[in-house]
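Worksheet: the structure to be examined is printed underneath.
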Amino acid sequence: MKFFKIFFIFSFFCFSFCDAQELPKEEYYQFSYNRNIEYKKDTITINIKNPLFSPLRVNIFSSYLKDKKVLDDTVKLVIKENSEVEIKLSAKNLESSQFNFKMNQAFGDDSKTIKHNNLALPFSKGKTYQIMQSNNGSFSHNDDYSRYAVDFNMKVGDTITSADDGFVVGVIKDYEYGGNDRKWRDFANYITIYHPHSGLFTQYVHLKKDGSFLKVGDAVKRNQPIGLSGETGFVSGEHLHFNVLIPEKGKTLISVPFSFENNISSKSLKKNMKVTNK
């Protein structure tokens with residue numbers, strides 16, 4: 001009885017401590033790209049470099065330049081992998097401090113044809129894991145970005161492997177905590193890999209702090225160990241969130257159904273099922 005009381009008090013303390021963790025003060029981004037804007041001799045020059053081995057969509061807008069009739073609308077670019085573009089806009093008598101350019105970016109080329117292929121399970125051969133949350137799960141798989149994701153009950157420190165050959169286009173590794181509250185949603189560690197032969201992107205989410213073996217730009221092979229599972233971000237417990245995504249017009253990426261080897265369809269996986277990587 002005494003042991004039970006001590007265990008209960010310790011568990012309660014740990015739960016309270018974890019639940020009381022403050023959100024990180026710094027927000028990290030999975031990749032960066034170079035942008036330069038120069039106004040000289042009545043010409044605005046915009047130079048954008050895409051360092052990724054993936055196409056990058058960039059939208060550029062300035063309400064000031066629209067008012068001055070320099071821009072009619074948003075400039076939409078698709079920059080090829082590992083390349084750069086330069087735009088020149090003729091504009092006289094402007095105040096460069098008033099440009100207020102807004103730029104947003106998204107992975108991929110939304111005009112590229114997607115070629116679905118069977119993927120490898122995202123964990124080592126011989127391992128078996130249970131499904132914690134399947135497609136359209138009510139906890140967090142209920143929007144366009146995560147609808148067809150699958151959660152495996154991997155423990156903190158378990159090895160994650162790549163689902164296919166590709167290139168790393170995003171890594172976040174510096175968050176330490178998570179919690180069962182949507183306020184933690186933007187504070188997960190994860191890896192994003194682009195698979196050029198298919199056009200698919202795969203994401204491996206909730207990694208432990210410093211749990212990535214990779215950096216942006218690395219080439220990876222199918223079944224290669226890429227990181228360690230964890231419990232960062234919006235979570236109800238330790239697990240791996242695995243998601244397959246494609247570019248979508250007007251959006252960043254959207255989650256899509258997929259298939260693993262051995263005729264395992266993501267749609268067939270249900271909560272509490274066990275999956276073995278044979």
Side-chain angles (χ1 to χ4, degrees), residues 26-91 94-115 143-146 166-173 185-186 188 190-205 214-220 243-256:
E26 185 173 1
E27 187 170 349
Y28 302 104
Y29 298 92
Q30 61 176 322
F31 72 94
S32 62
Y33 64 103
N34 295 323
R35 298 161 289 179
N36 185 61
I37 300 171
E38 183 179 65
Y39 182 43
K40 192 175 181 180
K41 294 182 179 180
D42 297 329
T43 301
I44 301 170
T45 303
I46 304 172
N47 184 273
I48 303 174
K49 295 181 180 180
N50 173 17
L52 306 175
F53 291 102
S54 156
L56 188 67
R57 289 170 288 157
V58 178
N59 294 333
I60 307 169
F61 180 75
S62 168
S63 55
Y64 174 74
L65 293 183
K66 186 173 184 178
D67 290 343
K68 294 294 183 180
K69 303 192 184 307
V70 175
L71 284 179
D72 291 330
D73 209 338
T74 301
V75 176
K76 299 182 179 182
L77 305 172
V78 177
I79 308 174
K80 292 182 178 180
E81 49 269 39
N82 199 25
S83 63
E84 65 182 281
V85 297
E86 186 174 89
I87 299 172
K88 292 185 179 293
L89 303 172
S90 179
L94 300 180
E95 296 180 48
S96 58
S97 61
Q98 298 298 313
F99 284 178
N100 293 325
F101 275 103
K102 293 182 180 179
M103 290 192 189
N104 58 59
Q105 64 286 324
F107 288 126
D109 180 352
D110 54 24
S111 67
K112 179 181 173 69
T113 300
I114 303 299
K115 300 176 182 178
D143 60 27
D144 286 347
Y145 195 81
S146 61
F167 295 95
V168 180
V169 293
V171 173
I172 293 180
K173 62 180 182 58
R185 188 162 189 162
D186 295 329
Y190 60 94
I191 296 169
T192 305
I193 298 177
Y194 174 59
H195 309 282
H197 54 281
S198 63
L200 298 173
F201 291 82
T202 54
Q203 280 191 338
Y204 313 76
V205 186
L214 308 168
K215 64 183 183 303
V216 172
D218 285 350
V220 295
N243 200 9
V244 178
L245 305 115
I246 63 170
E248 177 74 359
K249 283 183 169 58
K251 298 183 181 181
T252 53
L253 299 171
I254 62 166
S255 181
V256 293

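The distance from the CD1 atom of Ile172 to the OG1 atom of Thr192 is 8.0 Å, given to the nearest 0.5 Å. Within the model, atoms NZ of Lys40 and NZ of Lys88 stand 10.0 Å from one another, a figure rounded to the nearest 0.5 Å. Glu248 CD to Ser255 OG: the interatomic distance, rounded to the nearest 0.5 Å, is 12.0 Å. Expressed to the nearest 0.5 Å, how far CG of Asn243 lies from CG of Leu200 amounts to 11.0 Å. To the nearest 0.5 angstrom, Phe61 atom CZ is 10.5 Å from Asn100 atom CG. Here the OG1 atom belonging to Thr43 is positioned 10.0 Å from the CD atom belonging to Glu38, to the nearest 0.5 angstrom.
The two residues Gly166 and Pro196 make their nearest non-hydrogen contact at CA-CD, 4.2 Å. Between Gly199 and Ile114 the shortest heavy-atom distance is O-CD1, 3.5 Å. When all heavy atoms are compared, the tightest approach of Val70 to Ser90 is CG1-O, 4.1 Å. Nearest heavy atom pair, residue Pro247 against residue Gly108, reads CG-CA, 3.7 Å. Closest approach of Leu52 to Val169, counting heavy atoms only: CD2-O, 3.8 Å.
Partner of Phe53 under the ring pair (Phe, Tyr, Trp, His ring centres under 6.0 Å) criterion, out of Phe167, Tyr194, Phe201: Phe167 alone. Of the residues listed (Thr252, Ile48, Val58), the one engaging Gln105 in a side chain to side chain contact (heavy atoms under 4.5 Å, CB included) is Val58, and it is the only one.
For Phe31, the ring-ring contact (aromatic ring centres under 6.0 Å, His included) criterion is met by Phe107, not counting sequence neighbours. Lys49 meets the side-chain contact (heavy atoms from CB on, under 4.5 Å) test with Asn34, Asn47, Glu84; sequence neighbours excluded. Under the rule for a salt bridge (charged side-chain N to carboxylate O under 4.0 Å, His left out), the partners of Lys251 that lie at least two apart in sequence or sit in another chain are Asp144. Checked against salt bridge (charged side-chain N to carboxylate O under 4.0 Å, His left out), Lys41 has no partners two or more places apart in sequence or in another chain. Applying the side chain to side chain donor-acceptor pair (under 3.5 Å) criterion to Asp143, with sequence neighbours excluded, gives Ser146, Arg185. Taking the salt bridge (charged side-chain N to carboxylate O under 4.0 Å, His left out) definition, one finds that Glu95 meets it with nothing, sequence neighbours left out. Remark: Lys249 engages Asp110 in a salt bridge (charged side-chain N to carboxylate O under 4.0 Å, His left out) (not counting sequence neighbours). Judged as a side-chain contact (heavy atoms from CB on, under 4.5 Å), and not counting sequence neighbours, the contacts of Asp186 are Glu27. Among residues two or more places apart in sequence or in another chain, the ring-ring contact (aromatic ring centres under 6.0 Å, His included) test is passed with Phe101 by Phe99. In this structure Asn50 satisfies the side chain to side chain donor-acceptor pair (under 3.5 Å) test with no other residue, sequence neighbours excluded. Residues meeting the ring-ring contact (aromatic ring centres under 6.0 Å, His included) test with Tyr204, sequence neighbours left out: Phe242.
Within a 6.0 Å sphere centred on NZ of Lys80, other residues, nucleotides and ligands contribute 12 heavy atoms or fewer.
Of the possible polar contacts, one joining the Tyr39 side chain to the Ala91 backbone as a donor-acceptor pair under 3.5 Å is found.
The shortest distance between side-chain heavy atoms of Ile87 and Leu77 falls below 4.5 Å. At least one side-chain heavy atom of Met103 sits less than 4.5 Å from a side-chain heavy atom of Ile46. With a 4.5 Å cut-off on side-chain heavy atoms, Thr74 and Ile60 do not count as touching. Contact of the Leu65 side chain with the Leu94 side chain is registered, since non-hydrogen atoms from C-beta on lie closer than 4.5 Å.
Sorted by first and then second residue, the side chain to side chain donor-acceptor pair (under 3.5 Å) pairs involving residues 54-71 (not counting sequence neighbours) are Asn59-Asn104.
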Please step through side chain to side chain contact (heavy atoms under 4.5 Å, CB included) for the pair Val168 and Lys215, ending with a clear verdict.
-> CA-CA 7 Å; Val168 180; Lys215 64 183 183 303; over 6 Å; no
